[in-house]
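What follows is a single structure, written as structure tokens, with notes after it.
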Amino acid sequence: MASTDGEPSTSQTLEKKPVAVIVIGMAGAGKSTFVQRINSYLNSRDELRPPYILNLDPAVTHVPYEANIDIRDTINYQEVMKQYNLGPNGGILTALNLFTTKFDQVLDLVEKRSDEVDHVILDTPGQIEIFTWSASGSIITDAIASSMPAVVAYVIDTPRTTAPATFMSNMLYACSILYKTKLPFILVFNKIDVQPHDFALEWMTDFEAFQEALATHGGTRDAEGEPTYMNSLMNSMSLVLDEFYKNLKAVGVSSVTGQGLKEFFDAVEDSRGEYEKDYLPELEKARKAKEASLKAAKEDSMNRMLKDLAIDRQNPEFAARDRWDPEEENDDDDDDTDINIIDRSSEPWPGQYVDITKVKRHEDEQMNWPRPG
Ligand SMILES: Nc1nc2c(ncn2[C@@H]2O[C@H](COP(=O)(O)OP(=O)(O)OP(=O)(O)O)[C@@H](O)[C@H]2O)c(=O)[nH]1
């Protein structure tokens, strides 16, 4: 909820849980600069409280803010690359995986500070897909979102999104993240000091304006003057995305000048309501369904055990014969011809589980390590 001037008031927020803002965006979109700007904005106002910041990018050499928890304090990304013989992307992914195994401790630390902060900010790795399409990214997102209200801030490099095709690709990516996380979503058009984001807002609300931009952009017609395949595709996609835009909030910011930060925090507060109205009931439903299926499985095995006991009681002679005889066991070693037990340790891949947290460098030269996606 926001006060009359649009900023979250302390009295209203004190009894509330903090909101987690998961900052996602393409490399160079300005995520770290944006987090730094959020930090200085929240620190510079008396009525607001400083955020709690998590840096999840193990490969970043310098972050322009003081993170409360920094993945680099736990995992040495260069060392991970060497130990597992990985390239940069594999190294980042493996470092994130290793960090995720400790994420319960991170959550404990965040929860301990939940009375003192109103915002928990997560800065994610530069290579967007490492966070959005990895198991650890999903685990971290789900863990955060099930312990406090959460919102995704998708940072867009506005000056690089002025071409209709680039804009559409960016929106499709945002769409895929929205449908994957199902969390409230804010499109943050960054760098508006260089390029205002009015064109984007217009394209999002006026389908015809986007079509027009497509038509005037070069390469949209073939030699016979017919619309190219890409042009037709983008036309159809923009119709589909119309529905998607309705579920989004869009704000323009400049992480350099601080412009638009108030609007961003208004959108964050709106998202808290959205989280409570839409996401939380779904989470509860999923939790209840899981509990119900566990309970059903337990009841089923209990019923089967009781049934077996009842049969034994009806026929004590059979029950006595049915007892396990260790000597008999030894004799029958070669008789189980009907059952094919698969020894997975003899098939190296796929399906073999390797606990990468326990394996040291070059301990087993024969080992053919799985390369992350
Ligand atoms: N003019 C302008 N430049 C910006 C703004 N935000 C970020 N930048 C610049 O954009 C570049 C990339 O910013 P970063 O914050 O490093 O971007 P990032 O998304 O964290 O980059 P990765 O670490 O590769 O993911 C830097 O040179 C920033 O100074 C902005 O609002 N306006």
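Each ligand, and each atom within it, is numbered from 1 in the order the structure gives.
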Show the protein residues that qualify under the rule heavy atom under 4.0 Å from an atom of ligand 1, listing them in chain and number order. M26, A27, G28, A29, G30, K31, S32, T33, G126, N190, K191, D193, V194, S254, S255, V256
Looking at F189, Y154, F34, which one forms a ring-ring contact (aromatic ring centres under 6.0 Å, His included) with F264? F34
Only distances under 3.5 Å count here; give the side-chain donor-acceptor pairs of residues 160-168 to other protein atoms, sequence neighbours excluded, each with its distance to 0.1 Å.
unit_1, atom_1, unit_2, atom_2, d
R160, NE, D157, OD2, 3.4
T161, OG1, D157, O, 2.6

Contact summary for T124 and K31, nearest pair of heavy atoms: O-CE, 3.7 Å
So that I can tick it off, tell me whether D108 and K112 are bridged by a salt bridge, with the cut-off set at under 4.0 angstrom between side-chain N and carboxylate O. no
With sequence neighbours excluded, residues passing side-chain contact (heavy atoms from CB on, under 4.5 Å) with D278: E274
Contact list for residues 50-73, test salt bridge (charged side-chain N to carboxylate O under 4.0 Å, His left out), sequence neighbours left out: D70-R72
